[in-house]
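Reckoned from all heavy atoms, side chains included, excluding hydrogens, waters and symmetry mates.
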Amino acid sequence: MPFFQEVPVVLPLVSVKQSIEKTTTGKMVLPTSDDAAGGKKSRSQRRKQARRNALQNGTADEPLEDTNVQTSHIVSKVEGTTKKLQVHPPTTPYRYAYLNAETKVTLITPSGEKDVIRNAPTLEVAVKALIRAAPPNTVKGVFIVNDPGFVQWRRSVDAVQKAGYTNVKVIETFGLSITTVIYKVPLQQTIGTIIFVFYGSGVGDLSKPPMDVVTILQKRERGWQLLKLKNMYLAVDKFPSAKEIVVFKETATERANLQRLLPGFKFHFVKSLPPSFTTTTFIRNRINGDDFCGNEVLPYCWYDLEVQFGGSSDIIPLTQNVPPFSKTQEVCVGDATTIEIHAFDRGYYEKTFVKSFKFETAELRVVSVTVHVDETLVPQVTLKSLTIGDARNVLPDTSALNLESAASLMQAFKKVTDGEVSLPTSNDTAGGKKSRSQRRRQARRNALQNGTADVSTSRDNDVDTGGSMTTLPEELSQLQLDPPPTTILTFTSDNRVLIKADETYTGVTQLLAYVRLQAGTAPIIGQQAFDALKTHPESVFYAITRLMATDFDPAYSDPSWRFKTTRDADGKLVIHGGGDIVTLPIVLFGLVVNSTLLYIKEHQKSEVTELGIRLPLGSVISDSDLKAVSKKIGVKLIVVGDKL
């Protein structure tokens with residue numbers, strides 16, 4: 001395809017004068033560049049025409065020198081009237097521009113590249129220079145090269161888009177740097193392969209990761225997905241399948257330490273970068289749709305979004321997705337009338353306002369938040385309200401349901417030894433004596449166990465997943481012949497428990513998964529715990545499924561949480577709240593399950609002998625913990641998968 005360059009048009013005055021057909025109407029016809037006086041070209045015209053032909057044929061060595069022409073104006077005086085002719089340059093669909101670090105603008109053509117401005121004092125100056133050199137209708141797209149971070153991405157993208165450029169793509173420098181290091185390395189190309197990348201102290205770059213951190217990459221179809229940066233010791237423990245590491249500019253001491261720490265690893269030592277690899281090399285690769293033989297690091301979203309409402313918040317994680325992508329998450333926002341969306345970068349926790357939504361009335365709501373991240377790496381957020389009516393009818397307070405039993409449950413959780421969690425049985429009331437209802441239920445339970453109960457064993461498998469995903473432990477991942485439980489609790493990532501029960505159930509379909517813990521008082525679960533976030537946030541615990549996630553790292557916990565997380569000497573996750581409260585994820589899980597079970601029993605005629613548990617993708621519960629909770633609440637818990 002021919003490539004066109006902006007060309008200043010200069011026409012002889014006499015020729016312009018002859019071409020004016022009607023001075024009264026202003027209609028003019030411009031002569032061609034061949035129509036000089038007498039039809040003969042001057043030497044300058046022939047030279048310019050030759051270069052123009054070379055450009056069109058793709059044989060020119062470089063663009064014309066004067067590329068800063070947006071329009072050419074020809075002023076002629078005819079019979080005392082001044083006329084101004086405006087000649088627009090042709091569109092050049094095969095030219096791109098890139099803005100580097102908000103200070104340098106470069107044009108990329110099929111035959112080379114040309115700097116427009118260097119060391120611009122401000123972003124605005126750089127963008128104005130881009131407009132003068134290459135107006136929006138003369139380039140196919142603009143690449144923005146900048147360091148990772150939501151703030152600088154949005155600032156640059158907004159400036160370029162407001163100038164009229166619609167096809168904008170961001171290249172973050174960290175992914176560009178990693179690609180430069182690995183693209184010549186013969187890496188394992190099997191989809192799902194995990195590798196580490198280590199930057200040695202010889203890099204001399206202040207933006208490089210700390211010395212004890214490795215970058216973790218996973219192979220995808222089109223390249224390598226950046227999973228996270230992680231402490232080397234934790235990375236080895238978290239990703240045991242990793243067997244390759246790329247080491248860049250390490251010292252002799254660092255090499256020895258790495259080889260001692262990673263026995264059995266295949267090492268790829270990279271001493272220097274290929275001299276032929278430049279930023280424009282990477283950009284041309286993107287333009288042509290190449291992936292450096294599968295070794296390109298894919299675009300990475302360095303921030304997550306926080307949904308703030310009232311005195312609480314919820315997180316929409318984005319870092320696990322490869323742009324472009326869209327994701328939707330439901331969030332229970334209570335009766336808040338204002339919802340704000342903030343972005344925060346992983347590891348820095350500096351929150352930046354993104355967007356706000358307002359409601360005219362204060363009523364209990366669940367909202368559906370949809371986030372779309374395109375190649376600008378800047379999110380587009382929309383919100384849809386899912387009004388669910390009166391709070392007492394939809395999300396009742398379960399904190400008053402048998403507080404003695406809840407207190408006993410909390411007390412038993414305090415002692416955890418060798419991974420065994422001691423929970424009270426359903427027979428353990430405050431005085432140790434069974435009520436009539438409990439004795440009747442126990443008799444039916446015994447009859448079921450002895451096979452003498454006259455009850456139906458049919459199961460309803462039509463379970464509403466509520467949009468959540470589940471992860472089955474390996475021991476439960478095989479095909480189960482037994483039908484799933486009739487009653488299923490689906491834990492969502494936005495702190496709700498969805499209830500699916502049989503036809504005799506008359507209660508609500510969802511409860512809040514918030515727990516309030518205070519020394520000397522019974523735990524509070526549900527709506528009252530949620531309300532306490534406004535007055536005593538340090539005593540409220542939530543995000544249970546996130547705390548149970550396999551990839552949860554206490555070093556990167558949610559900055560909005562008022563509780564803290566650490567790991568003990570055995571690697572178990574420990575949660576620290578206000579008033580010296582210390583608890584565990586399994587404690588919070590057990591309290592919510594027990595409270596929800598008590599509520600279901602009060603609103604269901606049939607007995608609950610089995611309770612299905614559905615968890616979001618990535619959240620797990622060990623078999624021993626599951627059995628311990630089952631034993632103490634008197635109901636068998638079964639982790640179930642998604643409905644087929």
Does Q225 use its side chain to pair, donor to acceptor, with the backbone of Q320 at less than 3.5 Å?
yes
Any side-chain heavy atom of [X] sitting closer than 4.5 Å to one from [Y]?
{"X": "T487", "Y": "D502", "answer": "no"}
{"X": "I195", "Y": "E244", "answer": "yes"}
{"X": "F239", "Y": "L234", "answer": "no"}
{"X": "K636", "Y": "P485", "answer": "no"}
{"X": "T328", "Y": "V369", "answer": "no"}
{"X": "R614", "Y": "F491", "answer": "no"}
{"X": "T509", "Y": "L498", "answer": "no"}
{"X": "L611", "Y": "V593", "answer": "yes"}

Distance-minimising heavy-atom pair for [X] and [Y]:
{"X": "V297", "Y": "G175", "result": "CB-O, 3.7 Å"}
{"X": "I316", "Y": "D304", "result": "O-CB, 3.7 Å"}
{"X": "P379", "Y": "V371", "result": "CB-CG1, 3.9 Å"}
{"X": "L227", "Y": "Y300", "result": "O-OH, 3.6 Å"}
{"X": "Q329", "Y": "I315", "result": "NE2-O, 3.0 Å"}
{"X": "N495", "Y": "A543", "result": "OD1-N, 2.8 Å"}

Would you mind checking if K564 and D580 are paired as a salt bridge, meaning a charged N to carboxylate O distance below 4.0 Å?
no
Taking NZ, NE, NH1 and NH2 as the nitrogens, is one of them in R546 or D314 under 4.0 Å from a carboxylate oxygen of the other?
no
Contacts of type salt bridge (Lys or Arg N to Asp or Glu O under 4.0 Å), residue E306, not counting sequence neighbours
K351
F150 ring center near F344 ring center (under 6.0 Å):
no
Is the distance between the ring centroids of W561 and F541 under 6.0 Å?
no
Pair D531, R516 - check salt bridge (Lys or Arg N to Asp or Glu O under 4.0 Å), show working.
CA-CA 10 Å; D531 293 340; R516 186 182 183 193; over 6 Å; no
Tell me whether Y233 at atom OH has more than 12 heavy atoms from other residues, nucleotides or ligands lying less than 6.0 Å away.
no
For [X] and [Y], does a side-chain donor sit closer than 3.5 Å to a side-chain acceptor?
{"X": "S493", "Y": "T545", "answer": "no"}
{"X": "T565", "Y": "H576", "answer": "no"}
{"X": "Q604", "Y": "S606", "answer": "yes"}
{"X": "H536", "Y": "E538", "answer": "no"}
{"X": "H603", "Y": "T506", "answer": "no"}

Going by the salt bridge (Lys or Arg N to Asp or Glu O under 4.0 Å) test, which pairs reach into residues 316-328, not counting sequence neighbours?
none
Is there a side chain to side chain donor-acceptor pair (under 3.5 Å) between S560 and S313? Walk through the geometry before answering.
CA-CA 7 Å; S560 68; S313 63; 2.9 Å; yes
With sequence neighbours excluded, tell me which residues meet side chain to side chain donor-acceptor pair (under 3.5 Å) with T190.
Q188
Once you measure the plane-to-plane angle for Y514 and Y542, does it fall in the parallel (<30°), tilted (30-60°) or perpendicular (>60°) bin?
tilted
